[in-house]
2 protein chains.
Amino acid sequence: MHEDAAKPEMAAVAGPCANIPADHMAFIRQVLDRVGDKWSTLVVTVLKDGPLRYTDLQRQIPGISQRMLTRTLHQLQEDGLITRTAYAEVPPRVEYALAPLGRGLHEIVRQLIDWAADHHDEIRAHRAANAATTSRRS
Amino acid sequence: MHEDAAKPEMAAVAGPCANIPADHMAFIRQVLDRVGDKWSTLVVTVLKDGPLRYTDLQRQIPGISQRMLTRTLHQLQEDGLITRTAYAEVPPRVEYALAPLGRGLHEIVRQLIDWAADHHDEIRAHRAANAATTSRRS
DNA sequence: CCGAATCCATAAGGATACTG
DNA sequence: CAGTATCCTTATGGATTCGG
């Protein structure tokens with residue numbers, strides 16, 4: 001048993017959040033936002049097979065709007081996760097490819113997807129159980 | 001070489017999104033949303049050291065509102081990622097702890113944070129380079 | 001073909017006040 | 001202490017239009 005009086009302020013792990021210095025927190029959040037971004041993960045996942053052009057990406061990612069595609073590509077490019085190559089041809093051609101840095105991120109995303117696929121039925125079971133027993137706990 | 005009427009290699013990837021069946025896509029997105037959620041990741045990270053009560057979580061995660069804390073806890077609990085234990089005492093005491101499932105998710109989050117911390121200067125360099133070379137975006 | 005720019009609907013998220 | 005409920009501001013994102 002534990003007394004709340006025993007560790008009133010000591011409960012704080014000597015920091016704002018876990019063992020992560022507040023200095024890095026802001027940046028970590030930015031990376032997390034990129035990963036959590038629906039479109040960013042899709043773009044990175046689609047690009048893993050090789051470079052694609054703008055319209056190809058639009059077709060490969062159903063439901064994405066030009067606005068979001070352009071935005072996502074800009075962000076990913078600005079972070080050095082993907083590269084943009086524009087060929088000055090009469091019909092403009094632009095190819096986007098996964099940069100080494102982006103390939104590293106894709107590894108993380110892949111692991112996350114693997115984990116999700118591996119435990120999705122488990123999570124679903126918990127959801128169903130909680131939904132069935134509204135006020136009752138398992 | 002680039003007739004709009006002819007599209008040589010377009011359906012090469014063959015599928016809506018990489019090799020992930022559309023059936024799982026919806027669920028994957030949900031998991032990604034959880035991971036990408038700023039507060040969910042923070043809660044999971046903070047809980048990794050052991051169970052905490054409501055007010056402890058509030059203090060450990062600066063800037064979170066009751067609304068978001070409650071919401072996040074409900075979602076995580078509904079997915080079976082954390083457990084909620086309420087003690088029927090005169091001063092109410094509720095403890096939240098990481099469930100085995102949530103511990104698995106924390107592993108992913110930890111890897112992501114490690115990766116971010118490992119490459120954050122690299123990404124920052126790209127950002128600075130892009131901000132300098134090209135004119136300002138938006 | 002590759003975007004940029006604008007408009008607009010919806011949702012996320014914070015602040016506050018109140019309850020059991 | 002541990003939430004709930006309400007209001008309200010802001011951010012997100014789709015649809016559309018225009019430009020290079």
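Here is how names work: the chains are called A, B, and so on, in the same order as the sequence lines, proteins then strands, and each is numbered from 1. All values derive from a computational prediction rather than experimental measurement.
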Visitor: On DNA chain D, which is the earliest and which the latest nucleotide, 5' to 3', with an atom closer than 4.0 Å to a heavy atom of chain A?
Guide: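 Endpoints of the contacted stretch of DNA chain D: D:dG13 to D:dG20.
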
Visitor: Of A:R110, A:R103, A:Q111, which is the lone residue that meets side-chain hydrogen bond (donor to acceptor under 3.5 Å, both in side chains) with A:E107?
Guide: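 For A:E107, the side-chain hydrogen bond (donor to acceptor under 3.5 Å, both in side chains) check succeeds only for A:R110.
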
Visitor: Does a side-chain N-to-carboxylate-O contact under 4.0 Å join B:K38 and A:D33?
Guide: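 Answer for the salt bridge query: no.
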
Visitor: For the CZ atom of B:R34 and the CD1 atom of A:I123, what is their distance to the nearest 0.5 Å?
Guide: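 Going from CZ on B:R34 over to CD1 on A:I123, the span is 10.0 Å.
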
Visitor: Check this for me: does any side-chain nitrogen of one of A:E95 and A:R93 sit under 4.0 Å from a carboxylate oxygen of the other?
Guide: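 Judged by the 4.0 Å cut-off on N to carboxylate O distance, A:E95 and A:R93 do form a salt bridge.
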
Visitor: Give B:P91 one of three labels, base, sugar-phosphate or nothing, depending on what nucleic acid heavy atoms sit under 4.0 Å from its own.
Guide: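 Contact class for B:P91: none.
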
Visitor: Give the rounded distance in Å between these two atoms: CD of A:E89 and P of C:dC1.
Guide: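 Atom CD in A:E89 sits about 13 Å away from atom P in C:dC1.
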
Visitor: So, B:S40 side chain and B:G36 main chain: donor-acceptor pair closer than 3.5 Å or not?
Guide: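 Pair absent, no side-chain N/O of B:S40 close to backbone of B:G36.
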
Visitor: NE2 of A:H74 versus C1' of C:dA4: gap in Å, rounded?
Guide: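 For the pair A:H74 NE2 and C:dA4 C1', the rounded distance is 9 Å.
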
Visitor: How long is the span from the CD1 atom in A:I61 to the CG atom in A:L52, to the nearest 0.5 Å?
Guide: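 Separation between the atoms: 8.5 Å.
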
Visitor: Any chance you could measure B:Y54, atom OH, to B:L73, atom CG, to the nearest 0.5 Å?
Guide: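 Reported value, rounded in 0.5 Å steps: 7.0 Å.
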
Visitor: Rounding to a whole Å, what distance do you find between B:Y54:OH and C:dG20:P?
Guide: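 So the two atoms are 17 Å apart, to the nearest Å.
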
Visitor: Would B:R59 and B:D56 pass as an ion pair if we require N to O under 4.0 Å?
Guide: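 Here B:R59 pairs with B:D56 in a salt bridge, since their nearest N and O are under 4.0 Å apart.
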
Visitor: How does each nucleotide of nucleotides 11-18 of chain C score, in 5' to 3' order, for protein heavy atoms under 4.0 Å: base (B), sugar-phosphate only (S), or none (-)?
Guide: --BBBB--

Visitor: A:E95 CD to C:dC1 P: how many Å, rounded?
Guide: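 The distance from CD of A:E95 to P of C:dC1 comes to 15 Å, rounded to the nearest Å.
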
Visitor: Indicate whether any N or O donor in one side chain lies under 3.5 Å from an N or O acceptor in the other, for B:T85 and B:Y96.
Guide: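 Note: B:T85 and B:Y96 side chains miss the donor-acceptor criterion.
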
Visitor: By the 4.0 Å heavy-atom rule, please label A:Y87 as base, sugar-phosphate, or nothing.
Guide: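 Contact class for A:Y87: none.
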
Visitor: Taking any heavy-atom pair under 4.0 Å as a contact, classify B:T70: base, sugar-phosphate, or nothing.
Guide: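 Result for B:T70 = base.
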
Visitor: Bend across the helix from C:dC1-D:dG20 to C:dG20-D:dC1, to 10°, with axes taken over 5 pairs at each end?
Guide: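 End axes: 40° apart.
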
Visitor: Tell me yes or no: between the side chains of A:Q77 and A:H74, is some donor less than 3.5 Å from an acceptor?
Guide: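 Not at all, the side chains of A:Q77 and A:H74 share no donor-acceptor pair under 3.5 Å.
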
Visitor: Tell me the closest heavy-atom pair linking A:K48 and A:L98, and the distance in Å.
Guide: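 So the minimum-distance heavy-atom pair works out to CA-CD2, 4.1 Å.
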
